[in-house]
Each structure stands twice: as structure tokens, then as C-alpha cells.
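These notes concern the structure reproduced below.
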Amino acid sequence: MTTRTRFAPSPTGLLHIGSVRTALFNYLYAKHNGGKFILRIEDTDKARSRIELEDAILEDLEWLGINPDEGPSKDGRFSPYRQSERNSIYLDHAGKLLGSGKAYHCYCTKDRLKELTNEQKRAGKPPRYDGKCKSVKNLDLPHVLRLDVNLCGLSEITFEDKVKGKITFLSKDIGDFILLDTDSLPSYNFAAAIDDPLMGITDVIRGEDHISNTPRQIMIQRALGLKVPDYAHLPLVLGEDKKILSKRDDSFSIKSLRDEGYLPSAIINATARLGWAPGDEYISIMKLIDIFSLSRISSSPSSFNRDTLKRYNKDAISGADNAYLAALIKNDFPDTDAEKLELAIAAVKSNCGLIESIKILVSNLIGGNVRTEEAKTVLEDADSRMVNREFMKAIEASTSLGSDNWKEIAKDVSVKSGKKGRSLYGPIRAALTGSTSGIELLEVINFLGRDEVLKRIKEHLGENSGA
RNA sequence: GUCCCCAUCGUCUAGUCUGGCCAAGGACACCGCCCUUUCACGGCGGCGACGGGGGUUCAAAUCCCCCUGGGGACGCCA
């Protein structure tokens, strides 16, 4: 049987690290087993679902390279892939349940339910529907559909979780829950329980906040004679504050991470390590697919950490194409031609953990009059002007400047200025790049060339010349 | 309240299933040194953890029980 997994977000928020981890593991598991990865949109909540958010999710997944084999934008034979378009299917199954007496209409008002819950809590009892409407029939009143848990014929539900191991729930601990709401729209549990088997899903891999939903879904599937898929529940992903990542926490959304200059493969590498330990090295997606295994997933929660992300971003940037990186930053350098920009990127990229640092280092090379405060301080020093003056003379005395004679020239300047080390190179670096840090000076000089170096030194010496 | 899940360095974790190779290994972060007449990169090293208590055993991070702590679910959200 072909492995089929699914990622089933609801379009009520942006994709964040936690949901990406779920998507990634589903993808990895499917691909590892030569199967298919399906995207299903769970938009049964009309009030909160937004099509723009669905689009954003699709876009983020595509950007990350987690591409579904089937989904709203890639049709397969199990379409439609939006739950809002599958209502007749749910109604159909609801009818079967009602017909067989395994589900019943409930006419209780929300107020009564709320009161019931409060009462039970006050009495120290678990909040559960009391089954009042079980015996009531065919009233012409608004109603919901509830599953009669007792009539499902299961006193306990046990499933072998592929991550957590054997988990057992007692059906007496589960109240008759809602299948269809007043508007005849399916509840999450009902829709998911039906869609998974109908879409041929073999393995449901999701967050562990769904563990307690699992027995409900299994009950529905059993009651309907549908195939029960295998389940695997992933430990939750926490933020740096140890709190669960929430959809409201935008700082972990893919969009903001992307805006901050993290590359897709870095995000993939960092999220892959949330509950899984494929080693410390930066790993390609192909390799990840190759070595993925659910049995290696940890069962304790993990928290997402930016340092790790940054670490992988450094690898991702060093390994990225110059042209690819150039495309990301070209808007910041409108006056620079593409070739030169790529050259500059090639010179700096191995030093950068963030796209932002590429921008800074590239702009140091390409020029403009940007100077950091530290650089200004260095340049204001009288000795530093002297060093640069000697540097200028040395260059003028030579016809070339580059790898061949850089050492000699530096030595010469050192002797004439009486400076060495930091006080020798600091002023030159500051005059040339406007910064006190950056790539190796020789590389700066090689990139700029003799004429440009001379020009920048002269510009600097010309500044404040009256001082 | 009831049910379910979880517990190793600051963080991500390896090790737990199948007890001994673990006086607990790696990575990130941090600190130091080396390389470099500068800035980085890099290299080397340091810091640093089995939540607590019982048990089983010749032997426990690993198995069992209790406690504590964290989280999740119990919704006409998903």
C-alpha cells in the first residue's frame, strides 16, 4: 500500500515553525516511503477562515520546498481538498450514523450546555454532555448531531502511536461529542475522521495536542466502517520562553523569518531538529528524506531557538548560489550592476549568518559614504590620517596593488608610520570600507582594485582636511 | 476536577525500547587560547545536565512505584 500522509492546516493564521515541523515530517515520511504528501485545508470554521491565509500558507510551503502531491492547487483523484467543499460527503456519513442509531439529534441550547458544564465543574466532575436528548426524537427545532459514544461498541480505544507507543482511552471518559453543528457543518473531529480514510491517508502525523482527539476520530471511523489510519503524535514545539508556539505569535511565522533573511533550507534544517536528531551537520532535503524515521522521534517537547536557525543559515548562505543571493538583496543596490554585485557577494558570503550581514558587508565593498560610528572614531584620530597618508604614498609609488605586493606595502607603511597591528590596519580598513570589521583586508583590496583603493583613501584624507 | 502526554548541560539533543561500552557524547550559545602585524573564518580547549524519593538488580540516565514540575484535552475552534 502506498504511504499517504497529509498536512491539514486551517487557514486561520500564518504558518509558523510548529506547523512547518508537522508539514515537514509528513512530507519526509511520505517521501521516505515513496508515497504521497497531501495538503488538505480545514476551513470548516467559516467565521475565521480566510482565503488570503490559505494562499499565504500555500506560498510559504512552496517557498520552503515542501510541495504537496495533491491539494487545492494540485488536484488529485481525492478532490476536493478543501473541507468547505466536501460538505455533502459529511452529510452523507452523518445520515448513515443517524440511520444506524449511533448518532442522535441534540436540541440543547448553548445556554443549557454552558450551565451543565459549570454545574459539573462545580461538583468536581468532568464536563461532559449528559445525554438528555438521546431519547428525544424528531423535534422541529435547531439541533446538532452527536455521536452516541456508548453505542459505538467500544469500551476502550487503544491505538499504537508511532511516536508515543500504546495509548489507551476509556470511552466512558468521553462524552457524546458533536458531529454536525446547528448549520449542519462538520466538527473538526468528524471532518478529519472521515477525510483521512476517504483520502487514503495511511499515516496521520500531527501535533500531540491531538492525542485526545484520536479516540474520538477512531470511534467515528469504526462506527462508519472506515479504515483507521496509523497515528503518530509529535511532541509540541515551544518558543524560547517555553510556551507553546501559537498562531498569534508572529515572530515565529515563516513570513517573518523569511523577512529577517533566513533561507528555506536553514529553516528546514532547524525545524527538522525539533524532536529529531539527524546529526549536527547541515543536511540537504534529499538526505533528510533518505534518513527520516518516525521511530527516531523524541517524545518530549522541544523548543525552537534562533541561534540554531542562524547556525544553519550560515551554512545555507555559504552554500547558496551567488545569483540567488544577489536576487535577494539587489533592491538595496539599485545602482550596482549584477556582475559586480555577485562578485561582492562571493567575497563576503562565507562570513554571513544573516542576509542582513551580506548587505552590510557588500555595501562596505561597493561603497557609498556610509560609515559606522566606530569607523568615524578611528578615522578622526590624527595617527590614523598619518597611516592612510603613508598608505597612499606607498600605493602611488607602486604600479600595482594586490596579492603580489600587499605584504610589502603593508610592511612599508608599518615602518614609515611606526604603527602595526590594529592601529595599522584599523585606519586602512575604516577608510576603505567605512567599517571596523568585515572580510579580510586583502580581499577588500583585491575586490576594489588599485584605483578604487587610492580613490577612497584620497577621499578620506580630503575630508576634514582643515582639521 | 477527569483523562492523556512529558521530564538529560542555558538551548537542540545522543543514550532509555534491548540495564553494564555513560565517572553521560555531540552541536549551538558563552568564555579562553591558537592562527592572523587588522577583521572574520577556522582550529583547539573550558564551562555545563540525568527534577526528588523509594524500589528491583552484582549493576539504573535506562526497568517499576510515588512525589514534584511542565504541557495537552475535556468547545456548535481546529
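Chain A is the first sequence line, chain B the second, and so forth, proteins listed ahead of strands; every chain is numbered from 1. Every value quoted in this text rests on a predicted model; they were computed, and no experiment measured them.
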Give one of base, sugar-phosphate or nothing for [X], where a contact means two heavy atoms less than 4.0 Å apart.
X        : answer
A/Thr436 : sugar-phosphate
A/Gly165 : nothing
A/Asp183 : nothing
A/Thr433 : nothing
A/His210 : base
A/Arg311 : sugar-phosphate
A/Ser299 : sugar-phosphate
A/Glu440 : base
A/Leu185 : nothing
A/Lys411 : base
A/Cys108 : base
A/Gly421 : base

Separation of [N] [atom2] from [X] [atom1] (nearest whole Å):
X        : N      : atom1 : atom2 : result
A/Ile439 : B/rU36 : CD1   : P     : 20 Å
A/Asp307 : B/rU11 : CG    : P     : 12 Å
A/Gln217 : B/rA78 : CD    : P     : 12 Å
A/Leu442 : B/rC35 : CG    : P     : 20 Å
A/Arg429 : B/rA40 : CZ    : C1'   : 8 Å
A/Leu238 : B/rU11 : CG    : P     : 11 Å
A/Lys121 : B/rG75 : NZ    : P     : 8 Å

Can you check the distance between [N] and [M], where both ends of the measurement are the [atom1] atom (answer in whole Å)?
N      : M      : atom1 : result
B/rA61 : B/rA24 : C1'   : 8 Å
B/rG43 : B/rA59 : P     : 44 Å
B/rG15 : B/rC9  : P     : 16 Å
B/rG10 : B/rG48 : C1'   : 9 Å
B/rA49 : B/rG25 : C1'   : 12 Å

Given [options], the nucleotide with the shortest approach to the side chain of [X]:
X        : options                : answer
A/Arg422 : B/rU37, B/rG71, B/rC39 : B/rC39
A/Ser303 : B/rU11, B/rC76, B/rC6  : B/rU11
A/Arg296 : B/rC41, B/rU11, B/rG15 : B/rG15
A/Tyr425 : B/rC5, B/rU37, B/rG71  : B/rU37
A/Ala410 : B/rG72, B/rU37, B/rC6  : B/rU37
A/Lys164 : B/rU37, B/rC41, B/rC5  : B/rC5
A/Asn189 : B/rC76, B/rA14, B/rA78 : B/rA78
A/Asp173 : B/rC28, B/rA78, B/rU2  : B/rU2
A/Leu441 : B/rC5, B/rC4, B/rU38   : B/rU38

| Is the number of heavy atoms from other residues, nucleotides or ligands under 6.0 Å of A/Lys411 NZ greater than 12? | no

For [N], does OP1 or OP2 lie under 4.0 Å from any side-chain N or O of [X]?
X        : N      : result
A/Arg216 : B/rC3  : no
A/Thr44  : B/rA78 : yes
A/Ser187 : B/rA78 : no

Salt-bridged, [X] to [Y], with N to O below 4.0 Å?
X        : Y        : value
A/Arg273 : A/Asp280 : no
A/Lys166 : A/Asp161 : no
A/Arg112 : A/Asp130 : yes

| message | Return whichever of A/Tyr129 or A/Tyr312 has its heavy-atom-nearest nucleotide of RNA chain B closer to the 5' end. | response | A/Tyr312

| field | Residue met sooner reading RNA chain B from 5', once A/Leu180 and A/Trp406 are mapped to nucleotides | value |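 So the residue in question is A/Trp406.
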
Who is the Watson-Crick or G-U wobble partner of [N], with both distances under 3.5 Å?
N      : result
B/rG20 : B/rC58
B/rC41 : none
B/rU11 : B/rA27
B/rC74 : B/rG1
B/rG69 : B/rC6

| said: Can a side-chain donor-acceptor contact be found between A/Asn405 and A/Ser398 if the only test is distance below 3.5 angstrom? | reply: yes

With a 6.0 Å cut-off on ring centres, are [X] and [Y] close enough?
X        : Y        : answer
A/His143 : A/Tyr104 : no
A/Phe252 : A/His16  : no
A/Phe37  : A/Tyr29  : no

| query | Under 3.5 Å, is there an N or O donor on one side and an acceptor on the other linking the side chain of A/Ser212 and the base of B/rC4? | reply |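 No pair found.
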
| remark: Separation between NE2 (A/His93) and CG (A/Leu180), nearest 0.5 Å, reads 12.5 Å

